[in-house]
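First listed ligand is number 1; within each ligand, the first listed atom is number 1.
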Amino acid sequence: MLAVHFGAGNIGRGFIGQLLSQSGYEVVFVDVNEEIVQKLQEKRHYRVIIAGEQIEEQHVYHVTALHSVKDHEAVLQHIARADFVTTAVGPNVLPLIAPVIAEGIRKRLEVNRTPVHIIACENMIGGSSFLKEHVWKKLSEEEQTMASQYCSFPNCAVDRIVPNQKNEDLLSVKVEPFFEWVIETKQMIGTIPPIEGVRIVDELPPYIERKLFTVNTGHALVAYLGYYKKFFTIHEAMKDEEIYADVVKALNESGRVLIQKYGWNADEHQIYIKKIVQRFTNSAITDEVTRVGRSPIRKLGPNDRLISPAKQYYDLFHEIPSGLVKGIAALLQFDYQEDTEAMELQETIRQMGIEGALSRYAGLELGHPLIAAVKTEVAMLAKQ
Ligand SMILES: NC(=O)c1ccc[n+]([C@@H]2O[C@H](COP(=O)([O-])OP(=O)(O)OC[C@H]3O[C@@H](n4cnc5c(N)ncnc54)[C@H](O)[C@@H]3O)[C@@H](O)[C@H]2O)c1
Ligand SMILES: O=P(O)(O)OC[C@@H](O)[C@@H](O)[C@H](O)[C@H](O)CO
C-alpha cells in the first residue's frame, strides 16, 4: 500500500505521514526542501514526540522522500501506483502542485485503472475540491472523463497543533497529543482503504466549520492579540486574562452560529470549546504567535476563520459579534516583518484604509456594519 504525500513539513511529518505509516502504508513525501528530502531518503525513519503532560515518543518507519522538481519522473511514477495522494503544503501552494498531480494522473491512466483518493489536508473549506479544479485545468476533456472514473478528491478536516520545529535532529517533530482527521465520503469513488484514527463522514461541512471556526478562530485571536501585546508563544499569551476571556467570547459567538446552523448540541459544544482552549495552554510545546498568525491576508478571507463566522453571526442574529470583531481588529495590527502577507496588508491599509483593506481581502461590501465595528475596535486597541 502506497501513499504519496506532498509537504514534509510540520503537519505532513507530525500527523498525516505518521498516521499513514502506522496504518501500513509506505509513505513517499514530496517536497522542495532538499535538506529534508535528503535526510528522509537517508534515514527512512523519524520520531514523533508527543508532548502533553507526559512526553512519549513514536517511531515512524517505511518513509522516504522525493524532490518535487529534481525527481519529477519518479514522482509521476509513484502517483501512478499510489492508493492515496495527500497534501499539506498550505492553500496557496495547491495550484503550484496541481500540474504534477495532473501529469501523475495522466501516467496512471496508462498503467493503472484502480481508484486513488487525492486529499488536501489544509486549513480551508473545500481544499480537495479546490485542488481538483486546478488539476482538471491541466487535463483535456477526454482525460477528465477517464480520470473521473478512478480519481476522487474527498474533502477533509485535519486537526493537530504542530509548531515550527527546533529539535536537534532535522526530522523529529514535536506535536500535541490531540488529533482528529475527518474525511468526507460523498462523491468518493470506491471505498476508502482504512487509515488508523480517521473518522469517515457523509457530509463534511459541519466538521470542517466546527474545526476551522473554533480551533483556528480561537488560535487566530490568541496569535494576533498575543502579538499585539508582545507575547512570544501561544501558551504565554493564554496566561493573559484579557486574551483568555476574549478567546472564550469569540468562541461562544462562532459556537452560536455552529449550533444554529448545524444543530450541534450546545452542552457538547461547550465541552469542545473548553478542550480547545485547554490545548492552547499546553506549555510542553513552543508555538510562536507568528506561526499561528502567518499569512494574515489568507486568514482575512471571506471563507476563513474570522470573517466567515463574524458575517454569519451578523446575518443570523443581526448583532455585532464583538469578540470576533476584536480578533479582526488585532489581525489588522499584525505587522510582523518576516511575513510577506503582513507587509502587504500593512501597505494596503496605509493606501486604502481599513475599509479598503476589508473590502479587498474580506469581501465585505463598503458600508457593511462589521467594518464600522472593526474600526471602533482598532481605535480601542490603540488606546491600550
Ligand atoms: N501545523 C499545524 O498545526 C497544522 C495543523 C492542521 C493543518 N495544517 C495545515 O497544513 C498545511 C501545512 O502546514 P504546516 O504547518 O505543515 O506548514 P510547513 O511550512 O511546516 O509545511 C509545508 C511544507 O510544504 C513544502 N512545500 C512548499 N512548496 C512545495 C511544493 N511546491 N511542493 C512540495 N512541497 C512544498 C514546504 O517545503 C514544507 O515542508 C497548511 O495548510 C496548514 O494550514 C497545519
Ligand atoms: O495553519 P494555518 O496558518 O491555517 O493556521 C495556524 C494554526 O492555527 C494551525 O496551523 C493550527 O495549529 C492547526 O490548524 C491545528 O489543527
Do any N/O atoms on [X] end up under 3.5 angstrom from N/O atoms on ligand 1?
| X | answer |
| --- | --- |
| Ile11 | yes |
| Lys211 | no |
| Arg160 | yes |
| Glu122 | yes |

Under a heavy-atom criterion of less than 4.0 Å, does [X] contact ligand 1?
| X | value |
| --- | --- |
| Ile161 | yes |
| Gly127 | no |
| Arg291 | yes |

Atoms of ligand 1, numbered as shown, that sit under 4.0 Å from any heavy atom of Val93: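 Those atoms are 28 (N), 29 (C), 30 (C), 31 (N).
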What protein heavy atom is closest to [atom], reported as residue, atom name and distance in Å?
| atom | value |
| --- | --- |
| atom 27 (C) of ligand 1 | Val32 CG2, 3.9 Å |
| atom 12 (O) of ligand 2 | Arg291 NH2, 2.8 Å |
| atom 17 (O) of ligand 1 | Arg294 NH1, 3.7 Å |

Element-labelled atoms of ligand 2 that are located less than 4.0 Å from some non-hydrogen atom of Lys211: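 Listed by number with element, the hits are 13 (C), 14 (O), 15 (C), 16 (O).
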Numbering as shown, the atoms of ligand 2 that approach Arg294 to under 4.0 Å (heavy-atom distance):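 Heavy-atom distances to Arg294 below 4.0 Å select 1 (O), 2 (P), 3 (O), 10 (O).
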contact_flag Arg298 ligand 2 heavy-atom lt 4.0 Å: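 Yes.
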Check: Phe153 ring centroid to Trp136 ring centroid under 6.0 Å: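 Phe153 vs Trp136: aromatic centres under 6.0 Å.
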Aromatic plane relationship, Tyr314 with His318 - under 30° parallel, 30 to 60° tilted, over 60° perpendicular: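 Taking Tyr314 first and then His318, their aromatic rings stand perpendicular (interplane angle over 60°).
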Parallel, tilted or perpendicular, as decided by the 30° and 60° cut-offs, for the rings of His117 and Phe84: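 The rings of Phe84 and His117 sit tilted, inter-plane angle from 30° to 60°.
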Criterion side chain to side chain contact (heavy atoms under 4.5 Å, CB included) on Arg47 and Leu171, from CA distance to verdict: CA-CA 7 Å; Arg47 286 178 307 142; Leu171 296 182; over 6 Å; no
Salt bridge flag under 4.0 Å for residues Asp159 and Arg279: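 A salt bridge is present here (some side-chain N lies under 4.0 Å from a carboxylate O).
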Nearest-option assignment for atom 37 (O) of ligand 1, heavy atoms, candidates Asp31, Val292, Val158: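 Nearest option to atom 37 (O) of ligand 1, by heavy atoms: Asp31.
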Which segment of Pro163 sits under 4.0 Å of ligand 1 when only heavy atoms are counted: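 None of Pro163 does.
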